[in-house]
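In what follows, chains carry the letters A, B, and so on, assigned in the order in which the sequence lines appear, proteins first and then strands, with residues in each chain numbered from 1.
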Number of protein chains: 2
Amino acid sequence: MISVRNTRSDVIHAAGRLFAERGYHGTSMRDLGKELGLLGSSLYSHVESKQDLLVEVVEEGARLFEAVAEQARATPGTARDRLAALVAGHVNVVLDNVNVARTFLNEARMLDAEHRERIVEARDHYEGVFRSVLADGVGDGSFRSDIDPKTSSIYILSVLNALERWYDPAGPLDRDELIGDLTTFLITGIG
Amino acid sequence: MISVRNTRSDVIHAAGRLFAERGYHGTSMRDLGKELGLLGSSLYSHVESKQDLLVEVVEEGARLFEAVAEQARATPGTARDRLAALVAGHVNVVLDNVNVARTFLNEARMLDAEHRERIVEARDHYEGVFRSVLADGVGDGSFRSDIDPKTSSIYILSVLNALERWYDPAGPLDRDELIGDLTTFLITGIG
DNA sequence: CCTACCGATCGGTAGG
DNA sequence: CCTACCGATCGGTAGG
């Protein structure tokens, strides 16, 4: 009595899985059908096109990260507290939605021009939140006064986004240790 | 009198360009032919298969990074000096070979099992050099004694590898400034 | 490096 | 969600 019929949501999530594993162009509609136990052609009763699937997955990613930004901005306390919220929130999104995060980070460039632009804007906005938290933190003494908020936010996001590439939830480092270790690294460096 | 005939090296470099821009599966042999001013079928007088091209590009990447590791290991002085050599060397490889670096970082997973394993080993070895420099640096006082060389090396490589995604050689930040800013961030953090 | 192909697979549609 | 397709494109080959 397992799974009688697939929903649109099932299709989108399976697409996220395959796009994350094999890439958008490495995934055929027939591959995706097989993953769901149906034919490639049957997918078109759930979505209009393959591109449509990529749009859905990538935009889900954008929404998840945007929610992190909003929640962090609403966090009371110092800029350092808000940065901690950004870091923890970002880690949680990546670890709880690896496939969506992977597709968002690696396959968004395969989007058609129109959708790609919207995602670039969303990404810029998200990075802007990091930047302004860092700038605030320079003002309130949370961070060093000689950092450049622009490059620093990119460095921080580089470390956070790369999690998708190496973090193993079954490995020795649990989520809280990861967040702690990461935060220490970002704030104190290795020196 | 420009370019009469293409060499195997021309083909490989053009392949790197397209693999970097559109991904391995997003690039057809006919696309690549067009890039070089010939037909897709003509490429088979230079290479045996499309996979062959990916192997060549990715293995060139592996060699470039390996050379950085060797040179850094031979650098006299403290572990901090050797880390500086790794950082500068890695940055130079990425900035001087964006297409190769991109393909190495993003498309190696499209390799067939056999070649992929070799690349994973090469990558593990490279990361191991970072790890041992960090461990040495904990011993000689270059770095904090409470860092974990394993996660720290991953964080550092995360920042270095992400350069491919955002650094603009035509932007305001020149190479030396970048290396300096990056090094300060890695060693001192933002706090 | 081209001509002239090959079988396989691609995204997608009509109609049920 | 399936049957039965469609034209286009894919990686690749034989022979020059």
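- Under a 3.5 Å cut-off, the side chain of A/Thr75 and the backbone N or O of A/Ala72 do form a donor-acceptor pair.
- A heavy-atom distance below 4.5 Å is not found between the side chains of A/Thr151 and B/Leu178.
- For B/Arg116 (side chain) and B/Leu111 (main-chain N/O), a donor-acceptor pair under 3.5 Å exists by modelled atom type.
- Ring pair A/Tyr126/A/His90: centre-to-centre distance below 6.0 Å.
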>> Let me check I have this right: for DNA chain C, each base becomes ., (, ), [, ] or |, based on Watson-Crick or G-U pairs with both distances under 3.5 Å. What is the full string?
In response: ||||||||||||||||
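- Cluster membership check: A/Val120 does not share its hydrophobic cluster with B/Tyr167, using side-chain heavy-atom separations under 4.5 Å among Ile, Leu, Val, Met, Phe, Trp and Tyr.
- Of the residues listed (A/Arg8, A/Gln51, A/His13), the one engaging A/Glu56 in a side chain to side chain donor-acceptor pair (under 3.5 Å) is A/Arg8, and it is the only one.
- B/Phe130 and B/Ile179 fall within a single hydrophobic cluster, where Ile, Leu, Val, Met, Phe, Trp and Tyr side chains are chained together by heavy-atom contacts under 4.5 Å.
- You can see that DNA chain D meets the heavy atoms of chain A within a 4.0 Å-exclusive cut from D/dC1 to D/dA4, reading 5' to 3'.
- Nearest-nucleotide mapping onto DNA chain D: of A/Arg30 and A/Leu36, the residue sitting toward the 5' end is A/Leu36.
- Side-chain N or O atoms of A/Lys50 include one that pairs as donor or acceptor with a backbone N or O of A/Thr27 at under 3.5 Å.
- No salt bridge links B/Arg109 with A/Glu21; every basic N to acidic carboxylate O contact stays at or beyond 4.0 Å.
- Near-neighbour residues of DNA chain C inside residues 38-46 of chain A, defined by a heavy atom below 4.0 Å, number-ordered: A/Ser41, A/Tyr44.
- Cluster annotation: A/Val47 and A/Val100 are assigned to the same hydrophobic cluster (Ile/Leu/Val/Met/Phe/Trp/Tyr, side-chain heavy-atom contacts under 4.5 Å, transitive).
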